Each structure stands twice: as C-alpha cells, then as structure tokens.
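See below for the structure under consideration.
Note that the coordinates shown come from a computational prediction; the quantities given were computed from them, not determined experimentally. Chain naming here is simple, since letters A, B, ... match the order of the sequence lines and numbering starts at 1 in each.
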Amino acid sequence: DVKVTQSSRYLVKRTGEKVFLECVQDMDHENMFWYRQDPGLGLRLIYFSYDVKMKEKGDIPEGYSVSREKKERFSLILESASTNQTSMYLCASTLPGQGAKDSPLHFGNGTRLTVT
Amino acid sequence: GQQVMQIPQYQHVQEGEDFTTYCNSSTTLSNIQWYKQRPGGHPVFLIQLVKSGEVKKQKRLTFQFGEAKKNSSLHITATQTTDVGTYFCAGKRNSGYALNFGKGTSLLVTP
C-alpha cells in the first residue's frame with residue numbers, strides 16, 4: 001500500500017521564520033504535489049514536481065518554494081512565514097498518467113501549520 | 001485560478017435521503033476524479049471517469065461524466081452516517097500534469 005508521510009502533523013511557527021515541510025513517499029512515484037486546504041476554498045495547488053530537480057508552479061506559488069533532490073522526497077519551504085500562510089498543507093504523489101487516464105493521487109495526513 | 005466549480009458547498013440530509021453534488025468546468029477535461037475526505041482525514045480517491053457520457057457505480061454511489069466532458073456528478077442513494085465527509089471533484093487539464101480541485105461539498109447525515 002502506498003504511503004505518503006508528512007514529517008509533522010502540527011506545527012507552530014512565528015512570523016518571519018523559515019519553515020520546512022517535508023514529504024516522503026515510498027512507492028517510487030515520479031509526480032509529487034503540494035496543496036493547501038482552507039475552509040471554503042478547497043484544495044489549491046502550490047507547486048508540483050514530475051521528476052527529480054524539476055518543479056512547476058501551481059495556482060498559488062507566491063511565498064513558497066520547493067525542493068526535489070531525491071525522487072522520494074518533496075519539500076515545501078516558506079521563506080518567511082506570514083500569518084496568511086496558516087493552513088493545512090497536504091502532500092500527494094502519483095505515477096505519470098497514460099494518455100487521458102491518470103493514476104490517482106495518494107495524500108499524506110497533512111500538516112496543520114499555524115503562524116503567529 | 002480554480003476552473004472547476006462544485007455545488008452545493010454544504011448539504012445536510014436525513015439518513016436514507018439521497019444526495020447529489022455537481023461539478024462544472026469552464027474547459028473540456030481529459031478526465032475527472034472524485035475524492036472523499038472524512039472529518040480529520042485526508043482526501044481518498046474514489047473513482048476516475050475518462051469517457052464522454054461515462055457512468056460508473058460503486059454500491060450506492062453513481063458517478064457521471066457529461067457528454068461534453070465539462071461536467072460531472074456524484075449521486076448517493078439512501079445516505080448513511082458513514083457517508084459523512086467532504087466530496088471533491090478534480091479535473092485534469094488537457095495540458096500539464098496537475099489536477100484542479102473543486103472546492104468540495106460537505107455532506108452531513110443525521111440519523
């Protein structure tokens with residue numbers, strides 16, 4: 001069974017701190033994603049990566065960066081945390097699609113980040 | 001920005017009643033996926049629809065993909081308390097690698 005592990009379930013940081021959110025998957029998936037989930041806004045894509053050292057901006061990349069040095073690990077970095085980045089962060093991974101059909105996303109349990 | 005609209009945002013039903021959530025895209029989708037998120041949990045994949053007009057069933061759940069591949073629906077017959085959660089649709093853009101999620105429909109079922 002696919003396992004996507006996020007390093008922290010809850011995290012509290014201060015405004016201006018540099019924050020690292022780590023995600024590791026154990027199924028050799030090429031594609032990895034970072035979403036944030038906020039009430040009433042659903043899941044919004046921050047960044048994704050389809051290969052080691054490759055990254056693509058999602059819908060809301062401002063204030064974030066990512067790192068994919070190894071296939072199994074995808075890190076989300078908040079360069080200088082702000083209160084409006086308080087949210088639930090979800091990591092996901094999947095295999096590449098085949099034509100119109102995609103492999104399903106496998107999500108981690110999420111990291112609830114509070115920035116004070 | 002988000003291009004997949006989902007309604008309603010909330011639905012409260014009595015156990016045994018039916019429930020439907022609708023998903024609409026401004027552009028043609030190559031496929032659509034549905035996920036369920038239980039309270040306190042993470043989204044879990046339910047199903048994927050690829051073909052125009054496709055209908056798939058999973059027990060009491062019926063999923064449809066529109067003829068134009070721009071809309072989809074999830075219908076639950078005779079809801080149970082175990083159906084409680086938020087249901088998300090997610091459309092694959094024709095180009096690129098990422099799914100675009102709807103905002104979700106939160107279903108509450110009271111016994």
Side-chain angles (χ1 to χ4, degrees), chain A residues 1-6 9-10 23 25 29-51 54-62 66 68 74 88-112, chain B residues 1-10 21 23-54 56 58 63 65 69 85-106:
Chain A
D1 202 18
V2 176
K3 192 164 185 182
V4 179
T5 303
Q6 294 184 231
R9 185 77 169 121
Y10 299 95
C23 176
Q25 50 92 6
H29 285 171
E30 281 82 355
N31 300 338
M32 296 188 74
F33 307 80
W34 276 106
Y35 289 89
R36 63 176 281 178
Q37 183 172 21
D38 301 286
L41 297 179
L43 280 74
R44 293 181 291 167
L45 181 65
I46 305 171
Y47 267 97
F48 62 102
S49 169
Y50 51 88
D51 203 351
M54 304 298 284
K55 60 184 178 184
E56 293 284 342
K57 292 180 179 179
D59 297 317
I60 51 165
E62 296 79 18
V66 290
R68 184 104 182 262
F74 193 34
M88 171 67 84
Y89 290 88
L90 289 163
C91 175
S93 73
T94 188
L95 292 167
Q98 295 179 333
K101 192 171 182 179
D102 283 308
S103 296
L105 288 176
H106 297 271
F107 284 88
N109 287 330
T111 296
R112 185 166 294 281
Chain B
Q2 283 193 330
Q3 301 165 352
V4 175
M5 306 300 294
Q6 192 173 353
I7 57 169
Q9 188 174 0
Y10 302 101
T21 173
C23 194
N24 290 286
S25 170
S26 57
T27 58
T28 301
L29 301 170
S30 58
N31 67 59
I32 196 154
Q33 299 181 23
W34 286 91
Y35 290 78
K36 177 183 178 180
Q37 184 176 24
R38 294 182 187 275
H42 57 271
V44 175
F45 173 78
L46 292 176
I47 207 161
Q48 178 177 191
L49 304 171
V50 180
K51 299 177 183 176
S52 170
E54 190 169 13
K56 286 188 176 180
Q58 287 180 350
F63 303 84
F65 201 11
K69 299 182 73 172
T86 301
Y87 293 85
F88 292 97
C89 62
K92 169 75 182 294
R93 300 164 186 171
N94 280 328
S95 60
Y97 296 84
L99 285 174
N100 196 2
F101 279 80
K103 293 183 180 181
T105 297
S106 292

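With hydrogens and angles disregarded, a donor-acceptor distance shorter than 3.5 Å links the side chain of A:Trp34 to the backbone of A:Phe74. Using a distance-only test at 3.5 Å, with no hydrogens or angles considered, no donor-acceptor pair links the side chain of B:Gln48 to the main chain of B:Gln33.
For B:Phe88 and B:Tyr35, the ring centers are positioned 6.0 Å apart or more.
In this structure, chain A has no heavy atom under 4.5 Å from any part of B:Tyr10. Heavy atoms closer than 4.5 Å to chain A are found in the side chain of B:Gln37, but not in its backbone. Of the atoms belonging to A:Leu105, heavy atoms from both backbone and side chain fall under 4.5 Å from chain B.
Classification of A:Arg68 and A:Asp51 as a salt-bridged pair fails, no side-chain N sitting under 4.0 Å from a carboxylate O.
Heavy-atom pairs under 4.5 Å with chain A were tallied for B:Pro43, B:Ser106, B:Gly104; the largest tally goes to B:Pro43.
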